[in-house]
Number of protein chains: 2
Amino acid sequence: MSHTYKYPRAALTVDCVVFGFDESELKVLLIQRALDPFKGKWALPGGFVHVNETLDDAARRELTEETGLKDVFLEQLFTFGAVNRDPRERVLSVAHYALVKQKDYQAKAATDAANAEWFPVSMLPKLAFDHADIVATALTRLQGKVRYQPIGFELLPPKFTLSELQHLYEAILETALDKRNFRKKVQGFGLLVPLDETQMIGRHRPAQLFRFDADKYKKLKKRGFNFEL
Amino acid sequence: MSHTYKYPRAALTVDCVVFGFDESELKVLLIQRALDPFKGKWALPGGFVHVNETLDDAARRELTEETGLKDVFLEQLFTFGAVNRDPRERVLSVAHYALVKQKDYQAKAATDAANAEWFPVSMLPKLAFDHADIVATALTRLQGKVRYQPIGFELLPPKFTLSELQHLYEAILETALDKRNFRKKVQGFGLLVPLDETQMIGRHRPAQLFRFDADKYKKLKKRGFNFEL
């Protein structure tokens, strides 16, 4: 069957920048392309949008098909529409970004992708298409957004120490943060619940574990509270 | 001539939320649709993307064709892809928002649009398609962005008083601001250049005029300066 239109139409894809954090580094999940163009090259998970599905649904479907990831934090990022970004024909890509607790997921190759692997954001291989631009745009968005929305917690395990939280922010913002100021600020929001548990790391004294109070944040947000780091 | 593809393809449009400020109210520029669907209804300026032009170019072209606007501040906002957002068929719209100095432009109807007019953002007529959602998304983006980027100056005349600047922020943020705090903050950045001119408004004493130092902002920004209100 074929489909005919009066004017030429662009093809439409979605691509996903999946960020993970392994307690020291911010990482991006890439797949190795099984097909041309760019066969064998690393690329973002993604693919063509079906004509009867939303962009969000398409991004989630492709993510599951290519990496096995499900039920993740996912937001639309930007639509990339340079005229020659795909060697085949005019293809637009509605880019999304996702945040996952890296430990929860073993990156696994699925149907379309030959291989899926985490790479440090600072040491990505050469990427197919304009995917390096898409990653850069996603990183800028993440760096901006963690400063005024507590989305960083999507990248942490449910129980974390203040050091882990600080390392996460340092990894995302690519800068060292003052320990005292950072703790004062994040604890000042009243959104971190101390748990009756500690964590031993090496020979250090046990560190207090916390969880993020998402319900309280929702309530505060409704009242106009701003999370600002 | 017709164009045939193996799989069905969505049509692609751009739409523009044009914000203006008339010294008291934040406004949006709407056009009255000359054609079905929604003939006679108010809508955002926009139209179909040509297969060989970028999204940015398409948005600027449609804006000029429908409103006469040229060389404005314009950024991509979000891509709206609900499956039934257009009664004709699957149509995706890459929404943009623009900021203009309202005084510089007489909204003028052009080729495709029957009529173009400014409406207060708080009193918009019923809009065609999902354009009310697009305006709401653009307003949220503007409210977020003016707090960390000095884009508000795009909406002001080149010379302005501190009262005008405060009124602009109050109109965008939909809230009253404390005069002393506001002035301390905006003057603290060192980005407002006092001019050798004053402005008389009614019987008040003459108010100092300022201009925004865009060059200095660019330099500061390179060094990692954050504009935060």
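Lettering follows sequence order; numbering is per chain, from 1. Values reported hereafter were calculated over all heavy atoms of this structure, with side chains retained and with hydrogens, waters and symmetry mates removed.
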Sidechain-backbone polar pair: A/Gln76 side chain, B/Phe78 backbone, donor-acceptor under 3.5 Å: no
In this structure, are over 12 heavy atoms from other groups packed under 6.0 Å from A/Lys41 atom NZ? no
Where is the tightest heavy-atom contact between B/Pro8 and A/Val51, given as atom of each residue plus distance? CG-CG1, 3.6 Å
Please flag which part of B/Tyr7 lies under 4.5 Å from any non-hydrogen atom of chain A: side chain, backbone, both or neither. backbone
Verify side chain to side chain donor-acceptor pair (under 3.5 Å) between B/Ser2 and A/Thr4, making sure each step is shown before the conclusion. CA-CA 6 Å; B/Ser2 67; A/Thr4 301; 5.3 Å; no
Among the options A/Leu12, A/Thr54, A/Asn84, pick out the one with the most heavy-atom pairs lying under 4.5 Å from chain B. A/Thr54
Determine the option with the most heavy-atom pairs under 4.5 angstrom with chain A, choosing from B/Leu77, B/Val83, B/Asp57, B/Val94. B/Val83
For chain B, which candidate among A/Asp56, A/Val49, A/Asn52 shows the most heavy-atom pairs at distances under 4.5 Å? A/Asn52
B/Arg180 atom CZ, over 12 foreign heavy atoms within 6.0 Å: no
Can you tell me if A/Asp71 has over 12 outside heavy atoms packed within less than 6.0 Å of its CG? no
Side chain, backbone, both or neither: which part of A/Ala58 has an atom under 4.5 Å from a heavy atom of chain B? neither
Sort B/Glu89 into side chain, backbone, both or neither according to what part of it lies under 4.5 angstrom from a heavy atom of chain A. side chain
Does any N or O in the side chain of A/Tyr5 come within less than 3.5 Å of the main-chain N or O of B/Arg9, such that one atom is a donor and the other an acceptor? yes
Does atom CG of A/Asp36 have more than 12 heavy-atom neighbours, drawn from other residues, nucleotides or ligands, at distances under 6.0 Å? yes
For A/His50 and B/Arg90 the tightest heavy-atom approach is O-NH1, 3.5 Å
Ranking B/Gly81, B/Ala11, B/Ala82 by heavy-atom pairs under 4.5 Å to chain A gives rank one to B/Ala11
Proximity breakdown for B/Leu92 and chain A, heavy-atom pairs closer than 4.5 Å: side chain
